[in-house]
Amino acid sequence: MFSGEAYMRTRISAYVLLGFLPICLPAGMAVPVLAQISSAAVPTQAQPFDIVIVNGHIVDGTGSPWYSGQIGIRQGRIAAIGALDKLARRVTVDAHGQVVAPGFIDMLGQSEMTILVDPRLPSKIYQGITTEVTGEGGSVAPLNAAIVAADQASYQHLEITPDWTNFREYFARLERQGMGINLASYVGATNVRRMVLGDADVAPNPTQLAQMQALVDQAMRDGAVGLSTALQYAPAPYATTAELVALASTAAKYGGIYASHIRSEGDAEPAAIDEALTIGREAHIPVEIWHLKTAGKANWGKMPQIVARIQAARDSGLDVSANTYAYTAWFNTFSAFIPPWAHDGGDAKLIERLKDPATRARIRKDMLSTAGDWDNEWQEIPGPEAIQIAVVQNPELVPLQGKRLSDVAALWHEDAIDALCDLLIKDKAFTDVAVFGMSEPDVVLALKQPWVSIDNDSQGTSPDGLLGQEHPHPRAYGTFPRILRKYVREEHMLTLEDAIRKFTALPAQRMRFSDRGVLKQGMAADIVIFDPATIRDLATFEQPNQLSQGMDYVLVNGIPVVAEGKMTGALPGKVLRGPGYVAR
């Protein structure tokens, strides 16, 4: 490695050549002449590497043990791996014996909106995430005026004005803006339903179902990677299995995947898994079960049965897999605690019902019932102390972020259910919460399954600016480093090589990202360099807005977004479109 001003000049020269955003130079330092040389002027066969990574332990993503070698990167791809000492390069990166691995793939992020607020996505890149898959049931597209109006609080919260109606337009906006990581998206069955049926608890007639299938068809041709559902959140629970089979069959024609936040992760989870498997079989489509868990104390210890159910389906020939974020608390909208019937017509109707004493009494009765005819989260927690208020939209409620529902109830001199209902009214049903409802042995068993990859299940965020005003689940900042620290280094539940396989090759294989997930010649140069002995998460439930530590370099398409442990500000990410994409 170079040192001092000579190193700075060389690195800046190469980074300008490689297409970095402008980097602030020290006062009086001019950009070297090298920065003005066109790479096209150098013959391809004599062209130097843009970057060569030396002195690293290469963990290639396949699960194989590490090996030594040098990695040469040219034009965003791995051009060579081997002994490259005598070959020309613009920049040498010394890994100092650290691990060199493929960039991590987040199997369920939620960054489709926040990437428009801070496209660098610091919380993601400091974990080593170079690619995110998003679109959990409610996707960023398709949109119409009614959906935009109904969701106005969400757009206002992030100060975003949607200027797209479909995925093609949204992806074009991302590419114009630039992005710190790669991003792919499912088309959400919730959005498709809302486009045709609104938020009402109704079934589509044949004409309406055909319209919904046409929307899935368009989304797949626009670049979506498959169809997704989030069947806990209204209006999604109103969809029948047959409706979902019809939509998934359309996605299957384009090589898509069916991914699901299944209908229940608690008492009715076996039936919910069976429904996902039925959709896979009848639609002839691979199935991905998002954030696999057994929710609620009554279900603790049932993960062996859940794992066996999925394994039996795999043994029968069904292509089904899952992912996990490996924390014992989940994170969702607070309104999910309210029974589905009360959401009929959308949030405005929900708030009307919460204000009506007779209807609120019916809601309370259903929440206190143990009948098990809906995914009743109130019955899955020990008490209101297990719910942490995380993100609110109403500025007057911001002091409640980080407090437990039991604290809010005491503050407002109400019982917990009334406090829940009143908070939803005051926040226009916007609130997000962390819910402590899983057991550690169940989490570990899911994590160890060879067909389970990793999801962050959180939007990309930042400790600073607009996004830093929220109080997210710590997984937003810590999922991948936490697994490396806790489950690899401290508890030895996974080997380093297997953890990296779960972060890289396994999700790339599932998502058909044929040029990512493995360090191999010709692959996209999404690469991380870190010390497995020191990498760690800092985010906690009490203080979540803390970036993870230990990523020395993170390269996205051959460009460092983290260099020597510091964010560069580069935006080299790409939209990763699905196999059905049709260019125009």
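Side chains included, hydrogens not; waters and symmetry mates left out as well; all remaining heavy atoms used. Residues take their numbers from the sequence shown, with the count starting at 1.
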Residues passing the side chain to side chain donor-acceptor pair (under 3.5 Å) test with Glu380, sequence neighbours excluded, are none

Can you pull the ring pair (Phe, Tyr, Trp, His ring centres under 6.0 Å) pairs that have at least one residue in residues 98-129, sequence neighbours excluded?
-> Phe104-Phe480, Phe104-Phe503

Look at the side chain of Asn55 and the backbone N and O of Gly97, then say whether any donor-acceptor pair between them is shorter than 3.5 Å.
-> no

Distance-only side-chain donor-acceptor flag, Gln98 / His57, under 3.5 Å | no

Any side-chain heavy-atom pair from Leu519 and Ile71 closer than 4.5 angstrom?
-> yes

Residue pair Glu269 / Gln305, side-chain donor-acceptor N/O under 3.5 Å = no

Non-neighbouring partners of Arg577 that pass salt bridge (Lys or Arg N to Asp or Glu O under 4.0 Å), sequence neighbours left out | Glu175

Pick one: which of Ile483, Leu108, Asn323, Leu506 meets side chain to side chain contact (heavy atoms under 4.5 Å, CB included) with Ile454?
-> Ile483

Identify whether the distance between the nearest side-chain nitrogen and carboxylate oxygen of Asp498 and Arg501 falls below 4.0 Å.
-> yes

Is it the case that Gln543 and His471 place a side-chain donor and acceptor less than 3.5 Å from each other?
-> no

Does the Gln70 side chain pair with the main chain of Leu84, one donor and one acceptor, at a distance under 3.5 Å?
-> yes

Cation-pi check, Arg482 to Tyr327: give yes when NZ or CZ is under 6.0 Å from the six-membered ring centre and within 45° of the ring axis, no otherwise.
-> yes

Is a salt bridge present between Arg475 and Asp457, judged by a nitrogen-to-oxygen distance below 4.0 Å?
-> yes

Contacts of Glu542 meeting salt bridge (Lys or Arg N to Asp or Glu O under 4.0 Å) (sequence neighbours excluded), chain-then-number -> none

Can a salt bridge be assigned to the pair Arg90 and Asp50 using a cut-off of 4.0 Å between side-chain N and carboxylate O?
-> yes

For Val307, does its backbone N or O pair with a side-chain atom of Gln449 as donor and acceptor, under 3.5 Å?
-> no

Would you name the heavy atoms of Ala390 and Ala434 that are closest together and state the gap between them?
-> CB-N, 4.4 Å

Quick one: salt bridge (Lys or Arg N to Asp or Glu O under 4.0 Å) partners of Arg77, sequence neighbours excluded?
-> Asp515

How about Asp537 and Tyr477: does a side-chain donor come under 3.5 Å of a side-chain acceptor?
-> no

Considering only NZ, NE, NH1 and NH2 on the basic side and carboxylate oxygens on the acidic side, decide whether Glu491 and Lys486 come within less than 4.0 Å.
-> yes

Regarding Gln459 and Ser111, is there a side-chain donor-to-acceptor distance under 3.5 Å anywhere?
-> no

Can you name the side chain to side chain donor-acceptor pair (under 3.5 Å) partners of Asn332, sequence neighbours left out?
-> Glu377

Checking Ser228 side chain against Gly135 main chain: does a donor-acceptor pair fall under 3.5 Å?
-> yes

Less than 4.5 Å apart, any side-chain heavy atom of Ser439 and any of Asp442?
-> yes

Hey, are the side chains of Ile257 and Val225 touching, using non-hydrogen atoms and a 4.5 Å cut-off?
-> no

